[in-house]
Amino acid sequence: MKEKIAKLLIILHIFLFAACKNIAPPEPFGACPTPQQVAWQRMEIIMFCHFGPNTFSGAEWGDGTEAEDLFNPTALDCRQWATVARQAGMGGIIVTAKHHDGFCLWPNPHSTHTVAQSSWHDGKGDVLRELSDACTEAGIAMGVYVSPWDRNAPTYGSEAYNETFRLTLESVLSQYGASDSKGRRRIFEQWFDGANGEGPNGKRQTYDWPLFNATVARLQPDAVIFSDVGPGCRWVGNESGEAGETCFSTLNSDGFTPGAGSPGTVILNRGDRDGQHWIPAETDVSIRPGWFWHENERPKSLDELLHIYYTSVGRNSLLLLNVPPDRRGLIATEDSIRLLEFRGALDSIFSTDLAQKGVIDASNTRGGWRGKAFRASNLLDSDFDSYWTTDDSVLTPVLTLTFEQPATFNRVMLQEYIPLGQRIEKFCIAYTDTDGRRHRLTEGTTVGYKRILLTPTVTARQVQIKIEKSMACPVLNRIGLFMDEITNTKQ
Ligand code: FUL
């Protein structure tokens, strides 16, 4: 009898031990983001400000011969830029510290074509200083566009220019940015333009990209470096606000360089399924036709902005929306009103997640009944780090949302937990109507950080999401259903 009890106790112990033992999370898959890239992606929308001599001349590309005095904003107020950005829900501002004309918005000691040579504030003005303080106060991040192409620098087209450009970068990256809690100036994104034309001497430059990237990494180790091919994030391949319907955050960038040496717009738009590096797409587009402010141009409509949101953030990319300050040095009222309308519309569309009114069930959950940490209900909370996933061998699971009261929606949102990589490459969604009939609703390829599907308006008792192809066990942290009654964008 005693022996039997002892045996039972041992079995019970083994059982309890197995039950209590934590089920291991999935291994990261493929190239994965750095914490800085994750934080960057989670900003979702950031502001671009093209500002410089072109604002005053009406050009889009200055040729570098513009008189410094041309730059003369009458009422510059970077606090207004930062306030508008913050109120519009943008996480940061990237300013054109130097565009192709070479004019520097700060007193750059390595150039003779800067605010210091202008009569604006008697040559003592400094846009980057003002913006750094404004971003700090507003609690948003600051990034810089520093054009490698320089139509003013006399050394452009020779090896000496690479050194001038390195020093120029040092000048920006060691002094400016939003202050962190320790008072250090932080640049969250370094923007390198791919345009590479002639300098004042009619020569083209062979850029020393490793030197430029190393300079950024040394002075601003947390900055995400943008160029056509990264290394931090990549150009989306167009300026119309459209990421690929298939959009991988991974890219095979080895051997490629920004500009003419990039892999081509089709690949940049889509990424590479087996990409060796995590280089997510950034969608840069202007609220107005031009990048710089022009008197006769007007901002895009709310509907156009919402459409851009769906084709950028909704397709696994970050939206970098250009809002050019005018000749006063202010964001025009019509642009700021439009941005607030845009934010208001997004807030209202995405404030009610109908999925949260349902009960969710998964055909497989990692670790079965012991895998509580990975349960399907994690998909319905807004905690970024809680996710649902499956056993390693299960690549085509089905998620089912069931509603007691039918849900009416026309947007489906899916989010992969990107710290563990991008995995899903095909899925389909079906629903059951109030009469119990099942219909195919939509399908898609990649998900990534965020995928929003535009569907006809349907009323469903049940919604099924089937992962049809995944490179490793899928890891999703959010499923949402929303009703957009604002935009005219259909599907
Ligand atoms: C392009 C530039 O040539 C445009 O002037 C603008 O700055 C845009 C964002 O990038 O390559």
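Residue numbers start at 1 and run along the sequence shown. Both counts, for ligands and for their atoms, begin at 1 and track the order of listing. Owing to the predicted nature of the structure, the values given are computational and were not obtained by experimental measurement.
The aromatic rings of H100 and Y145 sit tilted, their planes meeting at an angle between 30° and 60°.
Geometric assessment of R411 against the ring of Y310 yields a positive cation-pi assignment under the 6.0 Å and 45° thresholds. The side-chain tip of R42 does not point at the ring of Y449 from less than 6.0 angstrom away and within 45° of straight on.
Of the candidates W81, F292, W191, F48 forms a ring pair (Phe, Tyr, Trp, His ring centres under 6.0 Å) with just one, namely W191.
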Checklist entry - So Y207 and F192, ring pair (Phe, Tyr, Trp, His ring centres under 6.0 Å) or not? Walk me through it. => result CA-CA 11 Å; Y207 295 129; F192 283 135; 9.0 Å; no
Item to check | Test ring pair (Phe, Tyr, Trp, His ring centres under 6.0 Å) applied to F71 and F56, step by step | outcome: CA-CA 7 Å; F71 181 81; F56 302 87; 5.5 Å; yes
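Sorted by chain then number, the residues whose non-hydrogen atoms approach ligand 1 to under 4.0 Å are F48, H50, W61, H99, H100, Y145, W191, D193, E239, D284, W291.
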